[in-house]
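All values below were derived from every heavy atom in this structure, side-chain atoms included, with hydrogens, water molecules and symmetry-related copies excluded. Note that the coordinates shown come from a computational prediction; the quantities given were computed from them, not determined experimentally. Both ligands and their constituent atoms are indexed starting at 1 by order of listing. The first residue of the sequence shown is numbered 1, and numbering continues consecutively from there.
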Amino acid sequence: MNTLDSKQVAEIYRKHLSTGRAWLAELTGGHIETTSSGARVQAEDVEYLDCGGYGVFILGHRHPRVVDAVIAQIHRNPMATRLLLEPTAAVAAQALIGVAPHGLTRAHFVNSGAEAVEAAIKFARAQGRTHLISAINGYHGKTMGALSLTARSMYQDPFTPLLPNVAHVPYGDTSALVQALAAIGGRACVVLEPVQGEAGVVVPPDGYLREAARLCREHGALFVLDEVQTGLGRLGHWWGADREGVTADMVLVGKNLSGGVIPVAAVLATEEVYAPFAADPLLHTSTFAASPVAMAAAATSIEVLRDEQLIARAEHLGGLITCTLRNLLQEHAPHLGAEVRGAGLLIGVELPSPHVAGDLVLELQNRHVLVNHSLNASGVLRLTPPAVMTDADLDWLFTAFTAAARAVGDRHPVVTAERTF
Ligand code: PMP
C-alpha cells in the first residue's frame with residue numbers, strides 16, 4: 001500500500017501529523033518501519049532489535065497465532081452489531097478472568113490504557129468514591145480523568161482545571177498514604193502501579209502494596225492496581241498483584257493484552273464494584289469496545305502466554321538481562337554510576353543525567369537497538385523486551401550495549417548528577 005519514501009513520509013508528518021514526531025524520528029536516522037517479526041523490526045534496509053515498544057510486545061511482533069486468530073476473525077466478523085450476543089467477547093472474558101488476580105470476576109473491555117483508567121474512575125464514583133489518590137510521578141494516561149491521576153506538572157499544567165478531589169502521595173511511603181486516607185477515608189479510591197514504569201522503573205519497598213491494600217480496607221477506600229504496563233507477564237509474574245499476594249477491587253490491563261496486534265485494554269473488577277454496570281449495560285459504553293478483532297487478539301494472547309510458558313521465560317530473561325547490563329556498565333563505564341533495576345522484563349537503567357541517558361539511547365539506536373526513555377524520568381532508559389527473544393537477539397543486545405556503554409563512558413569522562421524528573 002505504501003509507495004512513499006522516508007523523505008515524503010517525514011514531510012507529511014511535518015505538514016499534517018506532528019512536526020515534533022518528524023524531528024524525533026529524524027534524530028534517529030529517519031527510517032520508515034515496514035515489517036516486523038519477533039523482536040525484530042525492519043525499517044527500509046535496516047533491521048532493528050526492538051527492546052522498547054512501550055511495554056506492548058511481550059509476545060514480540062506479529063506472533064503467528066495472534067495474527068492468524070485476528071485474520072480469521074476479520075474474515076468471519078470483524079465488528080459486531082452490538083445488539084446480538086457476540087461469542088469472541090465471551091471467549092476473551094473467560095480467558096482473562098481465568099488468569100485474573102483473586103476475586104476479580106468481571107471484565108470490562110475498552111480500547112486503551114487511559115480508557116481503562118477513565119472507566120475505573122467512573123466505577124469508583126458509582127461506589128460513592130468521589131476522591132482519588134495516586135502516586136507522584138505515576139503514569140495513568142493523558143485523557144482528562146487519567147491525567148488528573150498522572151501526577152506530573154509538565155503534562156497537567158497546560159490543561160487545568162482537571163478533576164477535583166485528587167491527592168498525590170509519594171510512592172512507597174505508607175505514612176503519607178495513611179495521612180491522605182485519614183482525611184477522606186470512605187470516599188477515597190487509591191490508584192497505584194505495582195512497579196512505576198514511566199517514573200523510571202521504580203520498584204516499591206517490600207510489603208508496600210500489601211500495606212497499601214490493607215490501609216484501603218481499613219479506611220473503607222477502594223484499591224485499584226494500574227497494571228496496564230506490568231500486567232500479563234511483564235514482571236515475570238502474571239500480575240504485579242501476584243508478586244506481593246495483594247487483592248485489589250480493580251486491576252487495569254492494556255498493552256500486552258493486545259498481543260502487539262490490535263489495541264485493547266480492560267478493567268477487571270469484583271462483583272460488588274461492577275454491579276451497577278452489570279445491571280445497566282448503557283451506563284458506560286464505547287462504540288469500538290470489545291470489538292471481535294480485539295477480542296480475538298486478547299483471547300489468543302492469553303493462550304500464547306500460557307501455552308508457551310512465557311511468564312517463566314520473562315522472569316528468566318529479565319534476570320539475565322538486568323544482571324548482564326549491570327555488569328557491562330560496571331565493566332565499561334563504572335564512573336557513570338549507573339543503576340540497573342527492575343522486575344522481569346521491565347528494566348530501567350538510571351544514568352546520572354538526562355543528557356547521558358539520551359546519549360545512551362542514541363548510541364544503542366546507532367547499533368540498531370531500540371529502547372525507550374521514561375516519560376516521567378528523562379534520566380532513566382527503559383527496556384521492555386519481548387519474552388520471545390532468541391539467543392541471537394540476546395547476543396545482539398549485549399554486544400550493542402557493550403559498545404554503546406563504552407562510547408557514552410568515553411564521551412562523559414566526568415559526570416555531574418542532575419535531577420532526572
Ligand atoms: N497506565 C500505565 C501504568 C501506563 O504505563 C500507561 C501507558 N504507558 C497507561 C496507563 C496509559 O495507556 P495508554 O497509553 O494505552 O492510554
Check: Between R382 and E198, does a salt bridge (charged side-chain N to carboxylate O under 4.0 Å, His left out) hold up when you go through it step by step?
Finding: CA-CA 8 Å; R382 199 160 38 109; E198 305 291 348; 2.8 Å; yes
Notebook entry, point to check: Please walk me through it: do H63 and F57 pass ring pair (Phe, Tyr, Trp, His ring centres under 6.0 Å)?
Noted result: CA-CA 9 Å; H63 191 287; F57 298 103; over 10 Å; no
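Scanning all protein heavy atoms for the shortest distance to atom 15 (O) of ligand 1 gives G113 N, 2.9 Å. Scanning the protein for heavy atoms near atom 4 (C) of ligand 1, the closest one is Y139 CD2, 3.8 Å. When hydrogens are left out, the protein atom nearest atom 7 (C) of ligand 1 is K255 NZ, 3.2 Å; that is the closest non-hydrogen contact. Among all non-hydrogen protein atoms, the one lying nearest atom 9 (C) of ligand 1 is V228 CG1, 3.8 Å.
Proximity to Q229 (heavy-atom distance under 4.0 Å) selects the following atoms of ligand 1: 5 (O), 8 (N). When each atom of ligand 1 is checked for a heavy atom of D226 under 4.0 Å away, the hits are 1 (N), 2 (C), 3 (C), 10 (C). In the vicinity of A114, heavy-atom distances shorter than 4.0 Å reach the ligand 1 atoms 11 (C), 12 (O), 13 (P), 16 (O).
Between R65 and E303 there is a salt bridge, since at least one side-chain N of the basic residue sits less than 4.0 Å from a carboxylate O of the acidic one. A salt bridge is absent between R243 and E315; no separation between the charged side-chain nitrogens and carboxylate oxygens falls under 4.0 Å.
The shortest N/O to N/O separation between E193 and ligand 1 does not fall below 3.5 Å. Checking only distances, H140 never comes within under 3.5 Å of ligand 1, N or O to N or O. For ligand 1, the polar-atom distance check against V117 finds no nitrogen or oxygen pair separated by under 3.5 Å.
Atom 1 (N) of ligand 1 is flagged as protein-proximal [any protein heavy atom, distance under 4.0 Å].
Between the side chain of R106 and the backbone N or O of A269 there is no donor-acceptor pair closer than 3.5 Å. Side-chain atoms of S258 never come within 3.5 Å of backbone atoms of P263 as a donor-acceptor pair (strictly under, hydrogens ignored). Counting only distance, with no hydrogens or angles, the side chain of D242 and the backbone of G245 share no donor-acceptor pair below 3.5 Å.
When each of I121, N165, V190, V224 is tested with L132 by the rule side-chain contact (heavy atoms from CB on, under 4.5 Å), just one qualifies, namely I121.
In E227, neither the side chain nor the backbone holds a heavy atom less than 4.0 Å from any atom of ligand 1.
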